[in-house]
Amino acid sequence: MMMSEMGGQETLYERVEHAVRQIRARYPEEVRVGLVLGSGLGAFADDLEESVAIRYAELPGFARSTVEGHAGRLVLGRVGSVHVAAMQGRFHFYEGYSFDEVVFPIRTFGLLGVKSLVLTNAAGGINVGFDQGALMIINDHLNLMGVSPLRGAHDERFGQRFPDMSEVYARDYQEIVVEEARQMNLELRRGIYAALSGPSYETPAEVRMLRTLGADAVGMSTVPEAIVARQMGVKVLGISCITNMAAGVIGEPINHEEVMETGARVHQTFKELLRRVIPRLV
Ligand code: HPA
């Protein structure tokens, strides 16, 4: 009898293995790149070649995405000759999920054998040199969510108890993005992403605090996923779409509709950048 049939006895590792088996049954190719598509940026997955879409509801261990603008499915397919798995919609801590639930898909990517993880998000611009609609390569992060996704029981099959975080966002991946953006004549920013748990947007005082701490952009995701990927030895690329300037920077209130609209406005450029970069992530 399988553990799952004995009712609730599976370890986290076994639950992840279970999800991996389900995915392999539907998509037997060797998946090399995992992608998480943030708010308003999900359209990239629609362009994958020979794709297979699996709703999160069909995948054991996956929670349900509850936020508007997140489709809630895993799309597997090709970008050129590279097989990728793309999440259209992610799980956020502010939705009430535990960190184990938030990062379950990332661990699934890890056991599925991905070598690279591309994390994308919508973020507020803190650096006053940024404009709405800019794309920012994440070169480091500040985890201000109050807790690490690795807190709790440790299973060494996922990696070390105290993983190194000195280069979370692979430098060579950042350079690939810079090169491709140059070819596209696209101006890119580069900076530090601060993650807060949300879901309220920040106050102007919090935004000033974040700027003092060295943050260039602020959001409510990505950091837990990046930490878990690094524990598993997966290389990470992070790209933020600056959907709005953070509270108090230009004195305009922030709303989710605006965040989604900006994502939609830049999504062609964003898709083109990903289409060029992904085959080079080796
Ligand atoms: N703050 C936090 N998260 C965000 C923002 C913001 O201004 N914009 C998009 N996601």
Side-chain angles (χ1 to χ4, degrees), residues 12-13 15-16 19 33-39 41-42 56 59 61-67 70 72 74 85-112 114 116-124 136-155 157-170 173 191-202 210 213 215-241:
L12 174 62
Y13 193 87
R15 279 189 285 132
V16 175
V33 178
L35 268 146
V36 181
L37 301 167
S39 307
L41 304 170
Y56 295 156
L59 285 172
F62 276 58
R64 315 277 154 97
S65 187
T66 66
V67 194
H70 293 271
L74 182 70
M87 289 181 73
Q88 260 181 341
R90 58 154 55 86
F91 307 118
H92 301 85
F93 191 54
Y94 64 71
E95 292 174 87
Y97 300 122
S98 68
F99 271 121
D100 276 344
E101 290 174 302
V102 168
V103 300
F104 189 91
I106 307 304
R107 290 186 165 135
T108 303
F109 284 164
L111 289 203
L112 196 57
V114 309
S116 320
L117 176 67
V118 181
L119 297 173
T120 71
N121 60 52
M136 183 188 92
I137 300 173
I138 302 175
N139 62 8
D140 207 347
H141 73 221
L142 293 166
N143 180 12
L144 301 175
M145 293 181 125
V147 60
S148 167
L150 303 182
R151 178 174 183 270
H154 175 234
D155 187 330
R157 289 173 290 182
F158 288 121
Q160 295 177 27
R161 166 89 283 192
F162 304 107
D164 174 55
M165 291 288 140
S166 49
E167 189 182 327
V168 176
Y169 304 91
Y173 283 5
I192 295 171
Y193 174 90
L196 270 60
S197 54
S200 50
Y201 292 115
E202 301 68 38
L210 294 170
L213 294 178
D216 296 290
V218 57
M220 308 171 190
S221 67
T222 304
V223 164
E225 297 154 349
I227 292 171
V228 164
R230 289 309 300 141
Q231 185 192 36
M232 297 183 89
V234 172
K235 286 178 72 173
V236 179
L237 169 65
I239 304 178
S240 291
C241 172

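All values below come from the heavy atoms of this structure, side chains included, with hydrogens, waters and symmetry mates left out.
Judged by distance alone, the side chain of Q88 and the main-chain N or O of G42 form a donor-acceptor pair under 3.5 Å. Judged by distance alone, with hydrogens and angles left aside, the side-chain atoms of Y173 form no donor-acceptor pair with the main-chain N or O of L117 at under 3.5 Å. Of the possible donor and acceptor atoms, one in the side chain of T120 sits under 3.5 Å from a partner among the backbone N and O of V36.
The closest side-chain heavy-atom distance from D140 to Y193 is not below 4.5 Å. Taking the side chain as every heavy atom from C-beta outward, L59 and L74 approach each other to under 4.5 Å. Within the 4.5 Å cutoff, the side chain of S197 has no heavy atoms near those of the M220 side chain. Using a 4.5 Å heavy-atom cutoff, the side chains of P163 and L150 are in contact. By the 4.5 Å heavy-atom criterion applied to side chains, V118 and V236 are not counted as neighbours.
Within a 6.0 Å radius of CZ in R161, other residues, nucleotides and ligands contribute more than 12 heavy atoms.
To the nearest 0.5 Å, atoms CZ (F93) and CZ (F99) are separated by 4.0 Å. Interatomic distance, OG of S240 versus CD1 of I138, reported as 3.5 Å (0.5 Å rounding). Atom-to-atom distance recorded for N143:CG and T222:OG1 is 11.5 Å, nearest 0.5 angstrom. Here NE2 of H92 is found 5.0 Å from OG of S221. Values are rounded to the nearest 0.5 Å.
With sequence neighbours left out, Y169 forms a ring pair (Phe, Tyr, Trp, His ring centres under 6.0 Å) with H141. Partners of N139 under the side-chain hydrogen bond (donor to acceptor under 3.5 Å, both in side chains) rule, at least two apart in sequence or in another chain, do not exist in this structure. Shown here are the side-chain hydrogen bond (donor to acceptor under 3.5 Å, both in side chains) partners of D216, two or more places apart in sequence or in another chain: N127. Residues meeting the side-chain contact (heavy atoms from CB on, under 4.5 Å) test with D100, sequence neighbours left out: L12, S98, R107. Looking at residues two or more places apart in sequence or on another chain, you find no ring pair (Phe, Tyr, Trp, His ring centres under 6.0 Å) involving Y201. Judged as a side-chain contact (heavy atoms from CB on, under 4.5 Å), and not counting sequence neighbours, the contacts of A86 are L35, L37, A45, L48. Applying the salt bridge (charged side-chain N to carboxylate O under 4.0 Å, His left out) test to E101 and every residue at least two apart in sequence or in another chain returns nothing. Taking the side-chain hydrogen bond (donor to acceptor under 3.5 Å, both in side chains) definition, one finds that E225 meets it with R90, sequence neighbours left out. By the side-chain contact (heavy atoms from CB on, under 4.5 Å) test, P199 pairs with Y94, sequence neighbours left out. Partners of V218 by side-chain contact (heavy atoms from CB on, under 4.5 Å), not counting sequence neighbours, listed by chain and number: I126, L196, E202, L210, A246. In terms of the side-chain hydrogen bond (donor to acceptor under 3.5 Å, both in side chains) criterion, T108 has no residue partners (sequence neighbours excluded).
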List, one per line, each side-chain donor-acceptor pair under 3.5 Å for residues 226-234, sequence neighbours excluded.
residue : atom : partner : partner atom : Å
R230    : NH1  : V234    : O            : 2.8
Q231    : NE2  : Q160    : O            : 2.8

Assess the residue pair F91 and Y56 against the criterion (ring pair (Phe, Tyr, Trp, His ring centres under 6.0 Å)); give the C-alpha distance rounded to whole Å, side-chain angles, the decisive distance to 0.1 Å, and a yes or no. CA-CA 11 Å; F91 307 118; Y56 295 156; 5.2 Å; yes
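Summarising the geometry of C241 relative to L41, their closest heavy-atom pair is CB-CD1, 4.2 Å, with the distance given to 0.1 Å. Shortest non-hydrogen contact noted between A19 and F62 is CB-CE1, 4.3 Å. Between P105 and V102, the shortest heavy-atom contact is CD-O, 3.6 Å. The heavy-atom pair separating A123 from A217 by the smallest distance is CB-CB, 4.1 Å.
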